[in-house]
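Written below as structure tokens is the structure these notes are about.
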Protein chains: 2
Amino acid sequence: MQEGCTVNLTVKYLTKKWTLLVILELYKGKIHTRRFGELKDSLPGITSKVLSARLKELEDEGLVNRRVEAGCFPIKSEYTLTESGLEIVEIIKGMKRWALKWKIDNIACGNQACEQCVL
Amino acid sequence: MQEGCTVNLTVKYLTKKWTLLVILELYKGKIHTRRFGELKDSLPGITSKVLSARLKELEDEGLVNRRVEAGCFPIKSEYTLTESGLEIVEIIKGMKRWALKWKIDNIACGNQACEQCVL
DNA sequence: CGGTATCCTTTCGGATACTG
DNA sequence: CAGTATCCGAAAGGATACCG
């Protein structure tokens with residue numbers, strides 16, 4: 001595997017700060033689509049700038065769909081995971097399983113089961 | 001999932017530059033252990049500083065074993081993947097499968113099969 | 001041989017303010 | 001409401017030199 005290889009490129013955008021959280025937030029809402037402000041509120045501490053950047057990256061990579069409600073004010077936009085986005089959640093779940101098997105510390109979540117994670 | 005959660009912490013060190021490459025380099029050599037200089041040569045472009053830092057992180061996280069040959073000069077050190085290190089390769093393989101399914105670009109590798117990757 | 005130490009550049013992300 | 005623009009500090013990583 002070389003630096004520019006597929007896996008590496010994937011990891012590159014997938015592992016920026018907040019990206020995983022954004023994906024999981026969208027995953028939680030897979031029945032109903034999610035709005036920008038809704039996402040922002042669900043991710044305490046994230047700034048508009050970063051959320052916007054992460055969503056754009058994910059959209060560019062085909063993991064996220066963005067739909068803007070036409071001709072209404074204020075603007076409404078909706079985000080959903082694409083098929084590939086949904087599939088990558090399975091990989092994140094794999095990481096979670098690995099982490100629970102090999103790591104005992106799970107401080108911030110407060111519990112090993114980590115129910116809040118939907119994982 | 002919150003910022004300090006297990007998965008997030010895992011991702012955090014796993015996704016630093018070079019980390020994946022280092023793990024896979026060790027994976028390749030799973031029959032014979034690997035020396036520092038050997039790893040450095042196998043990863044063109046990496047500096048001693050970064051390789052050293054990555055190996056230490058992985059050792060701290062329990063993915064890598066470091067063994068120093070006692071009382072010889074020049075020093076000889078050997079690195080191997082631990083059990084958890086070997087298991088995480090399976091997750092990397094999952095990412096690879098995902099990437100090959102959803103991404104068509106595989107420029108640096110030159111081929112979709114990506115044999116050099118051992119994945 | 002297997003690293004550290006130092007410096008320096010680049011990148012990232014936080015804070016804040018602004019806009020169609 | 002859904003972002004964009006600007007500025008700034010922190011951190012990561014590359015280059016180079018050095019050491020036991």
Side-chain angles (χ1 to χ4, degrees), chain A residues 2-4 8-23 25-26 29 32-61 64-80 108, chain B residues 1-4 8-23 25-26 29 32-61 64-80:
Chain A
Q2 292 157 37
E3 250 205 280
N8 245 356
L9 294 173
T10 302
V11 176
K12 208 145 208 160
Y13 64 81
L14 213 59
T15 59
K16 293 185 145 185
K17 195 169 179 187
W18 293 108
T19 302
L20 242 49
L21 287 305
V22 170
I23 292 176
E25 211 45 53
L26 288 167
H32 62 290
T33 57
R34 310 213 70 191
R35 309 274 302 280
F36 186 88
E38 214 179 340
L39 289 170
K40 192 164 176 334
D41 292 341
S42 314
L43 300 165
I46 200 169
T47 60
S48 298
K49 179 193 168 188
V50 172
L51 177 54
S52 166
R54 288 305 98 91
L55 285 169
K56 192 163 297 176
E57 287 157 15
L58 290 170
E59 200 193 346
D60 289 346
E61 295 295 335
V64 161
N65 271 327
R66 172 169 178 263
R67 204 172 28 210
V68 182
E69 205 124 322
C72 70
F73 190 87
I75 293 163
K76 286 186 185 180
S77 63
E78 292 183 335
Y79 293 90
T80 41
Chain B
M1 184 162 82
Q2 293 159 35
E3 253 203 280
N8 244 357
L9 293 174
T10 302
V11 175
K12 210 146 208 157
Y13 65 80
L14 213 58
T15 60
K16 293 188 145 184
K17 196 167 178 189
W18 294 106
T19 301
L20 242 48
L21 287 305
V22 171
I23 292 176
E25 212 46 53
L26 287 168
H32 61 291
T33 57
R34 308 213 72 191
R35 308 276 300 280
F36 187 88
E38 214 180 339
L39 290 169
K40 192 164 178 330
D41 292 341
S42 313
L43 300 165
I46 202 171
T47 60
S48 299
K49 177 192 169 188
V50 172
L51 177 54
S52 165
R54 287 307 96 91
L55 286 169
K56 192 163 295 178
E57 286 157 17
L58 290 170
E59 200 193 348
D60 288 346
E61 295 296 333
V64 161
N65 271 326
R66 173 169 178 263
R67 202 171 29 208
V68 183
E69 204 124 324
C72 68
F73 189 87
I75 293 163
K76 287 185 185 183
S77 62
E78 293 183 333
Y79 294 90
T80 42

Rounded distance [0.5 Å steps], CG in A:Leu39 versus OG in A:Ser52: 11.5 Å
d(CG, A:Leu39; P, D:dA2) in whole Å: 9 Å
Touch class at under 4.0 angstrom, heavy-atom based, for A:Ser77 against every strand present: sugar-phosphate
Short side-chain N/O contact from A:Lys56 to OP1 or OP2 of D:dG3, under 4.0 Å: no
side-chain N/O A:Tyr79 vs D:dC1 OP1/OP2, d < 4.0 Å: no
Nucleotide D:dC1, atom P - distance to CZ of A:Arg66 in whole Å: 16 Å
Phosphate OP1/OP2 of C:dG2: any B:Arg35 side-chain N/O under 4.0 Å: yes
Residue B:Lys16, side-chain atoms from C-beta onward, closest of D:dG14, C:dT4, D:dG13: D:dG13
A:Arg34 side chain near D:dA2 phosphate (N/O to OP1/OP2, under 4.0 Å): no
For atom CG of A:Leu51 and atom P of C:dA15, their distance in whole Å: 15 Å
Side-chain N,O (A:Trp18) to OP1/OP2 (C:dG14) below 4.0 Å: yes
Short N-O contact, A:Glu57 and A:Lys16, less than 4.0 angstrom: yes
Comparing A:Pro74 and A:Ile46 on DNA chain C - which has the more 5′ nearest nucleotide: A:Ile46
Separation of atom CG in B:Leu55 from atom P in C:dG3, rounded to whole Å: 8 Å
Touch class at under 4.0 angstrom, heavy-atom based, for A:Lys49 against every strand present: base
Out of D:dG13, C:dG2, D:dG3, whichever nucleotide has its closest atom nearest the side chain of B:Lys17: D:dG13
A:Phe36 side chain, from C-beta outward: closest of D:dG3, C:dG2, C:dG20: D:dG3
Options D:dA12, D:dG20, C:dG14, nucleotide nearest the side-chain atoms of B:Phe73: D:dG20
Rounded distance [0.5 Å steps], CH2 in B:Trp18 versus CD in B:Glu25: 10.5 Å
Between B:Tyr79 and B:Arg66: side-chain donor-acceptor atoms closer than 3.5 Å: yes
A:Glu59/A:Lys56 salt bridge by N-O under 4.0 Å criterion: no
C:dG2 phosphate, OP1 or OP2, under 4.0 Å from B:Arg67 side-chain N/O: no
Donor-acceptor contact below 3.5 Å, side chain B:Arg67 vs main chain B:Lys76: no
A:Ile75, nearest nucleotide to its side chain (from D:dT4, D:dA2, C:dG3): D:dA2
Closest to the B:Arg54 side chain, choosing from D:dG13, C:dG2, D:dA2: D:dG13
Shortest side-chain distance from B:Val50, nucleotide among D:dG13, D:dG20, C:dC12: D:dG13
B:Lys40 NZ - D:dA15 P separation (whole Å): 10 Å
Atom-to-atom span, CG of B:Leu43 to C1' of D:dG13 - whole angstrom: 15 Å
